[in-house]
Novice: 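Submitted below is the structure of interest, expressed as structure tokens.
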There are 2 protein chains.
Amino acid sequence: MITSMEQLTAFRAVAETGSFTRAAEKLFRTQPAISQAIRSLEEELGELLFTREGRQSRLTQAGRIFLIHVEEMFETLEQGRDRVAALKDLTAGELTISTSDTTAYYILPDVLKRFRDQYPGVDVRIQCKPSPESAAQVAAREADVGIVTLPIENPKLACEDLILREDVAICAPTHELAKRRKIVFQDLAAHPLLLLDHGSNTRTYIDRRFRDASLKPQIIMELGSIEVIKKLVQLQFGISIVPLIALQTEIEQGTLKALRVFKKSECRTLGIIYPERGIHSLAARIFIEMLRNYLDGKARL
Amino acid sequence: MITSMEQLTAFRAVAETGSFTRAAEKLFRTQPAISQAIRSLEEELGELLFTREGRQSRLTQAGRIFLIHVEEMFETLEQGRDRVAALKDLTAGELTISTSDTTAYYILPDVLKRFRDQYPGVDVRIQCKPSPESAAQVAAREADVGIVTLPIENPKLACEDLILREDVAICAPTHELAKRRKIVFQDLAAHPLLLLDHGSNTRTYIDRRFRDASLKPQIIMELGSIEVIKKLVQLQFGISIVPLIALQTEIEQGTLKALRVFKKSECRTLGIIYPERGIHSLAARIFIEMLRNYLDGKARL
DNA sequence: AGTTTTAATAAGATTAACTTATGATAACAA
DNA sequence: TTGTTATCATAAGTTAATCTTATTAAAACT
């Protein structure tokens with residue numbers, strides 16, 4: 001008895017064609033089906049919708065008013081279908097990525113551009129947060145995916161490895177260490193060091209490594225920006241330890257020398273996280289795939 | 001397979017409650033019915049609408065977008081129902097009346113005011129047309145009812161008598177005819193006459209009556225307005241023949257003397273017309289009823 | 001007047017939707 | 001961990017809604 005779609009499509013068709021019979025033909029139903037649909041609608045509304053006058057059926061005043069709303073209703077529903085369909089071919093939608101400043105700055109821009117060129121309708125948002133906070137955001141569904149330093153231990157999140165997140169030492173090309181093929185931790189402690197501020201993920205990690213090795217580095221400067229560190233290292237202020245991914249340009253141009261300090265097994269992993277059962281969206285999947293392709297093409301040290 | 005209302009109500013309920021089971025309780029269905037409804041919706045849209053994650057089910061991106069449209073859809077439908085309901089208690093709607101200038105001017109205003117006071121939501125429109133055109137308008141459904149001089153011969157229209165449409169002679173209270181209780185056609189021909197312009201319904205009728213009686217009236221003025229005629233008759237320019245309904249005020253105030261010229265059987269009838277099978281609206285019925293009450297209370301000559 | 005067109009009605013058939021019963025999975029508690 | 005509870009999925013059978021066929025009635029056109 002609640003208004004059904006069939007009733008409303010019948011109503012609309014009769015209004016359009018001005019005839020029960022033609023409406024039936026149009027909808028591939030029989031005429032009695034239409035009569036019944038209209039009658040139950042009329043009973044529910046308590047008003048006649050059409051004046052049956054032999055040849056043609058005209059809308060009553062109630063019918064005219066109701067038709068306006070019914071048509072708008074169908075339109076709204078159709079729009080809803082369209083917008084969902086648009087989601088499927090990525091002509092619409094949104095994608096929120098939570099990640100670290102470093103990743104956002106040194107890795108994402110190229111991929112973002114590529115993604116945006118291919119799917120201009122998708123609204124991409126980047127949230128810059130330390131990895132644990134990114135994890136929380138993804139768990140809370142505030143972001144679709146996170147690109148974070150693993151491991152993240154959260155039963156609600158699924159993880160996938162992306163790339164080895166290698167920290168390397170850097171020095172100016174003219175620096176005495178630049179000739180060496182390989183350096184060790186003791187070498188780092190023997191030279192003036194510029195490091196990231198306390199509190200940064202990378203700094204915490206480096207501090208722990210020095211402590212584990214019972215070494216006391218000579219930290220002559222603490223800075224908030226990897227870019228500034230790189231500049232000062234070039235100017236011979238000292239050496240530093242930074243993520244390899246931050247050195248793309250300098251390695252290519254030979255303006256900095258990167259030196260491997262850690263073994264592969266000592267490196268952490270950059271990975272993607274997403275809600276365990278809240279399937280990540282198509283946009284997210286495609287973005288991640290683009291990201292993988294991009295990283296595969298990147299030179300390693 | 002076409003989207004059904006049940007599916008959409010189920011979808012909305014699950015979105016609201018965050019649970020298939022609670023949605024089922026809310027809608028007095030069982031949980032499998034909800035599962036099936038959601039599934040068929042998802043199949044039709046080709047997208048999952050909820051992420052089933054144990055305790056609660058969350059909307060996916062597609063679900064969030066679709067929900068917006070579904071809610072708007074229900075709202076639109078509900079508004080449609082409301083507006084039709086408003087029509088029933090006359091808190092909304094419209095009423096178009098087609099009638100002559102004379103009727104519109106001398107009869108309708110009081111009834112209109114009463115109607116408007118009682119049903120302020122109903123939008124009343126008056127179309128002023130000669131009776132045959134009014135009839136055509138009603139037949140073409142451009143007006144809901146017509147108030148016209150009968151007879152109207154149109155098989156598509158139904159007629160009802162309203163009141164005798166009596167034309168009477170008028171003269172100034174000081175005029176020699178004013179003493180007479182009754183006058184005849186010859187009396188009219190014996191005095192200077194002011195008449196309505198050719199083309200008016202009333203004038204055509206009067207001309208015919210003179211012709212039938214083989215009389216030649218002394219027409220000294222032809223005017224377009226009954227009001228002007230009344231004024232000039234008061235100023236002793238002559239006598240005239242006008243519809244009785246136009247003399248309400250003057251008879252009450254004694255500023256004009258009305259004299260019966262025609263027998264009842266010679267009078268035409270004012271009646272209402274409406275489409276034979278296009279049932280006239282509630283607003284129209286009530287308006288007509290008010291009109292009858294109003295006319296019953298009017299003094300006859 | 002007779003034919004055609006159109007809508008209403010009644011009865012039976014079809015189909016869609018619901019319910020019951022059951023199984024699988026995840027969250028929660030001991 | 002292991003049992004318990006809560007939630008959703010699935011299958012089978014039932015119910016209920018909707019459709020079709022057949023027929024009637026009424027109006028419009030020939």
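In the text below, chain A, chain B and the rest are named by the order of the sequence lines, each starting its count at 1.
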Novice: If only side-chain N and O atoms of B/R22 are considered, is one of them under 4.0 Å from the OP1 or OP2 phosphate oxygen of D/dT7?
Specialist: yes

Novice: Can A/E142 and A/S98 be said to form a side chain to side chain donor-acceptor pair (under 3.5 Å), step by step?
Specialist: CA-CA 9 Å; A/E142 288 161 23; A/S98 188; over 6 Å; no

Novice: Of all heavy-atom pairs between B/V124 and B/I97, which one has the smallest distance, and what is that distance?
Specialist: CG1-CD1, 4.3 Å

Novice: Scan B/F50 against the nucleic acid and name what it touches under 4.0 Å (heavy atoms): base, sugar-phosphate only, or nothing.
Specialist: nothing

Novice: What pair of heavy atoms forms the shortest contact from B/S134 to B/V148, and how long is it?
Specialist: CB-CG1, 3.5 Å

Novice: Strictly below 4.0 Å: does B/T30 bring a side-chain N or O up to OP1 or OP2 of C/dC18?
Specialist: no

Novice: Counting just side-chain N and O atoms, does B/S4 come under 4.0 Å of either OP1 or OP2 of C/dA17?
Specialist: yes

Novice: How many Å lie between CD1 on B/I34 and P on D/dA6, as a whole number?
Specialist: 19 Å

Novice: Using only side-chain N and O atoms of B/S57, determine if any of them is under 4.0 Å from OP1 or OP2 of D/dC8.
Specialist: yes

Novice: Are the side chain of B/K88 and the backbone N or O of B/L282 linked by a donor-acceptor pair below 3.5 Å?
Specialist: no

Novice: Please assess B/R141 against A/T51 for the test side chain to side chain donor-acceptor pair (under 3.5 Å), listing each intermediate value before the final yes or no.
Specialist: CA-CA 11 Å; B/R141 301 300 200 290; A/T51 63; 4.6 Å; no

Novice: Which whole-number value in Å describes the distance from A/Q7 CD to D/dC19 P?
Specialist: 9 Å

Novice: Nearest-Å distance, CZ (B/F28) to C1' (C/dT20)?
Specialist: 20 Å

Novice: To the nearest angstrom, how far is B/E25 atom CD from D/dC8 atom C1'?
Specialist: 14 Å

Novice: Quickly work out the A/R29 CZ to D/dA17 P distance and round it to whole Å.
Specialist: 18 Å

Novice: Take the protein atom CD of B/E44 and the nucleotide atom C1' of C/dA16, then report the distance between them rounded to whole Å.
Specialist: 14 Å

Novice: Give A/Q56 one of three labels, base, sugar-phosphate or nothing, depending on what nucleic acid heavy atoms sit under 4.0 Å from its own.
Specialist: nothing

Novice: Axis-to-axis angle across the helix from C/dA1-D/dT30 to C/dA30-D/dT1, five pairs an end, to 10 degrees?
Specialist: 30°

Novice: Of the options D/dT7, D/dT21, C/dT19, whose atoms approach the side-chain atoms of B/T21 most closely?
Specialist: D/dT7

Novice: Is there a donor N/O on one and an acceptor N/O on the other, under 3.5 Å, for the side chain of B/Q31 and the base of D/dA9?
Specialist: yes

Novice: D/dT18, D/dA11, C/dT6: which one has an atom nearest the side-chain heavy atoms of B/P32?
Specialist: D/dA11

Novice: Is it true that a side-chain atom of A/E6 and a backbone atom of A/A37 form a donor plus acceptor pair closer than 3.5 Å?
Specialist: no

Novice: Side-chain N or O of A/R52 versus OP1/OP2 of C/dT6: is the shortest distance under 4.0 Å?
Specialist: no

Novice: Quick check for you: among C/dA17, D/dC8, D/dT20, whose closest atom lies nearest to any side-chain atom of B/Q36?
Specialist: C/dA17

Novice: Could you tell me which non-hydrogen atom of A/A135 sits nearest to which non-hydrogen atom of A/L157, and how far apart they are?
Specialist: O-CD1, 3.5 Å

Novice: Side chain of B/T17, backbone of B/S19: donor and acceptor closer than 3.5 Å?
Specialist: yes

Novice: With respect to the phosphate group of C/dT6, does any side-chain polar atom (N or O) of A/S19 fall under 4.0 Å of OP1 or OP2?
Specialist: no

Novice: Can you check the B/E6 CD to D/dT15 P distance for me, whole Å?
Specialist: 19 Å

Novice: Side chain of A/R39 only, please: which of C/dC18, C/dT9, D/dA11 is the nearest?
Specialist: C/dT9

Novice: Within this structure, what is the CG-to-P distance between B/L41 and C/dA16, rounded to whole angstrom?
Specialist: 15 Å

